[in-house]
Amino acid sequence: MQVLVTNRFPKRMRLLRAGEFDRVFAARALAVDSSIALYGAVNELDHPRLGLVVSRRIGGAVARNRWKRLLRESFRLSQGELPALDLVCIPRAATPPQLAHLQESMRRLAARIERKIKDAARRSLKETP
RNA sequence: GAAGAGGGCCGGAUGGCCGCCGGUCCGCCGCAGGCGGAUCGGAGGAAAGUCCGGGCACCGUAGGGCAGGGUGGUGGAUAACGUCCACCGGUCGCAAGAUCAGGGAAAGUGCAACAGAAAGUAAACCGCCAGGGGAAGUCGUCAGUUUUCAGUCAUCAGUUUUCAGUCCGAGCAGUUCUUACUGACGACUGAGAACUGAAAACUGACGACUUCCCCCGGUAAGGGUGAAACGGUGCGGUAAGAGCGCACCAGCGGGCGAGGUGACUCGCUCGGCUUGGCAAACCCCACCUGGUGCAAGGCCAAACAGGGAGCAUGAGCCGGCCCGGCUCGUUACGACUCCCGGGUAGGCCGCUGGAGACGGCGGGCAACCGACGUCCUAGAGGAAUGGCCAUCAACCGACCCCCUCCCCGAAACUGGGAAGGGGGGUCGGCACAGAACCCGGCUUACAGGCCCUCUUCGGGG
RNA sequence: GCGGGUGUAGCUCAAUGGCAGAGCGCUUGGUUCCCAACCAAGAUACGAGGGUUCGAUUCCCUUCACCCGCU
């Protein structure tokens, strides 16, 4: 049965609980560019999941909601090209960027995290035979 | 038309595609659930700040007193308020209107820098005035002294007339004459004691006046100050003055009358004649106020590990204190309470139908209220309400093109601009800001736009 | 969501309603061959806006910023 690539974004694709966030931060896989910081961790599912951390440093409620909406939309539109990771996304700039730039950097950073995790797994496999 | 005053409203619209949250319905599956579909609904005037007030929930049924906190013209509206409405009063404004924590300062305590005599019921630095004392000066009177002048005059000196005497001389003698001397009366001149008068100076006394000083009083009219100075003006009055008296005015208090529910207003009258400011200083008075907050609270599930202390005039509820009340307990290795430590951060309810919205009607000046009709209008739970695009409307900015007059003005002249104005097009921008239990207010933020009412001034009819 | 606190000079802190101060720092001058130290002089501030008062850093209200606590 062919997996239909949709752009839906139901709630099971979100990270909501504190424990899920702690698990991603504990994996210590980080990639950063000028607009966002992205943490990643391997999950046991066949799709990626997204969590958001937007602090009050970013601005008022309107500005924070704007960031979160853009990040969710960017994840929703590019979820087919993302690896099956749990991602936690943290904005770094005060002013949100364009949606296309955000998609691009999210894809790039997710790919970088995937590579990092594979390297780490190989190294630990070698070191502890 | 200009300048202004007050108030109300809006806060983009429509459509397409892809998504998100919730309700309802349907379908499928391996049915405590999952997946999919249809349909309906899905941020604001401030959702904000959290400055007040309530509902609701728990604590105990929410009680009394003190403390603490708050409010402060009157009447009303309201569930309630520190909110709103109307009115009253003060201040500002030509006005429309704006603004005011707007009770009490003769209950008490306190504060007022600097300046100023004094910052408040008491005084007196300068000043003004009366009395007493002293000093100086001027004037007057009296007395004394001195000097000068005038007069009178005892006395003295000189000269001289007359008379008398003596001497010398002449003449015969007498008489007489002459010279000198002496004396007397007198005259003149000079000196002069004394007296009188006048003038001047000095001294003393007395009196008057002026100035200064001291003492004891009176007075608060005036005094550079200051934010603020113990009513204002006039007349009388007084030694000088003063509400000391009077008239008018301002202000305070009392009484009476009228109007108003009332704050208060108006009028008459009386009074002591004046008693200031700050209470967002302490305070007094009146009124209000129990605490905690949906992380309230209830139910279910999951997980863990226990230890210590307290007591019968006890512990807890209970909060800053007391009273009062309630619960547990009645001699207990228990229960209860407290402390330390450990575990769980899952689900359901509360959770949105409400002091609800809209519409006209009725009552009320209004805030608001009443009945009726219609409607249901977000309910998430790391937190949805979005992304991309198109069209339209309004405004702003930049650029391009076209036109030539345009602006102010009712209009003309004048003036100004033409680096302007008008039209069209393209592009870009379009605020403040995001529900977290729910309401009523307040405050603050805000691109732009619309509407209504009123005032003053100017012009025209 | 609820509760509490603080804003004073560049920094750390004071101050009855009437003068804004201290220490360190800064600037200038002196001293020294030069620097340090020292001496002298100077500049710099009451978070913002209203109100009460004759007068506000202080009292009251509003507002802004920051910090802390409950959970």
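So that the names make sense, note that chain A is the first sequence line, chain B the second, and so on, each numbered from 1. Because only heavy atoms are used, hydrogens play no part in the values below, and waters and symmetry mates are left out as well, while side chains stay in. From a predicted model like this one, the values you see are computed outputs, not experimental measurements.
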- Task: Using a strict 4.0 Å threshold on nitrogen-to-oxygen distance, state whether R108(A) and E104(A) make a salt bridge.
- Result: yes

- Message: Taking the nucleotide of RNA chain B with the nearest heavy atom to each, does E73(A) or P10(A) sit closer to the 5' end?
- Response: P10(A)

- Item | Atom pair distance, as rounded to whole Å: CG in L77(A) and P in rC18(B) | 12 Å

- Are any of R72(A)'s side-chain N or O atoms less than 4.0 Å away from OP1 or OP2 of rU385(B)? yes

- Among rG386(B), rC20(B), rA380(B), the nucleotide that comes nearest once only the side chain of R8(A) is considered: rC20(B)

- rU161(B) -> Watson-Crick or G-U wobble partner, both distances under 3.5 Å, gives none

- Message: Of the options rC18(B), rA384(B), rG382(B), whose atoms approach the side-chain atoms of N65(A) most closely?
- Response: rA384(B)

- Message: How many whole angstroms separate atom NZ of K68(A) from atom P of rG434(B)?
- Response: 12 Å

- Item | rG45(B) glycosidic torsion: syn (within 90° of 0) vs anti | syn

- Message: Please pick, from rG387(B), rG434(B), rA380(B), the nucleotide with the shortest atom-to-atom distance to any side-chain atom of L70(A).
- Response: rG387(B)

- Task: Grab the CZ-P distance between F9(A) and rA384(B) for me, whole Å please.
- Result: 11 Å

- Separation of rG346(B) C1' from E20(A) CD (nearest whole Å): 13 Å

- From CZ of R76(A) across to P of rC21(B) the rounded distance in Å is 12 Å

- With a 3.5 angstrom cut-off on both distances, give the Watson-Crick or G-U wobble partner of rU443(B), or none if there isn't one. rA48(B)

- Query: Is the glycosidic torsion of rU269(B) within 90° of 0, making it syn, or is it anti?
  - Reply: anti

- Inspect the contact between D119(A) and R122(A) and indicate whether a charged nitrogen and a carboxylate oxygen are less than 4.0 angstrom apart. yes

- Query: Below 3.5 Å, does any donor atom in the side chain of R69(A) face an acceptor in the base of rC20(B), or the other way round?
  - Reply: no

- Carboxylate-amine/guanidinium contact R23(A) E20(A), below 4.0 Å: no

- Query: For the side chain of L99(A), counting heavy atoms from C-beta on, which of rA433(B), rG387(B), rC21(B) is nearest?
  - Reply: rG387(B)

- Task: Look at the aromatic rings of F75(A) and F9(A) and report parallel, tilted or perpendicular, splitting at 30° and 60°.
- Result: tilted

- Whole Å only: how far is the NZ atom of K11(A) from the P atom of rC20(B)? 11 Å

- Message: Is rG243(B) syn or anti, taking syn as a glycosidic angle within 90° of 0?
- Response: syn

- Report which part of the nucleic acid R64(A) touches: base, sugar-phosphate, or nothing (heavy-atom distance under 4.0 Å, all strands). nothing

- Message: Taking 4.0 Å as the cut-off, does a side-chain nitrogen or oxygen of R12(A) come that near to OP1 or OP2 on rG34(B)?
- Response: no

- Donor-acceptor pair, D33(A) side chain versus I36(A) backbone, under 3.5 Å? yes

- Conformer about C1'-N of rU148(B) - syn within 90° of 0, anti elsewhere: anti

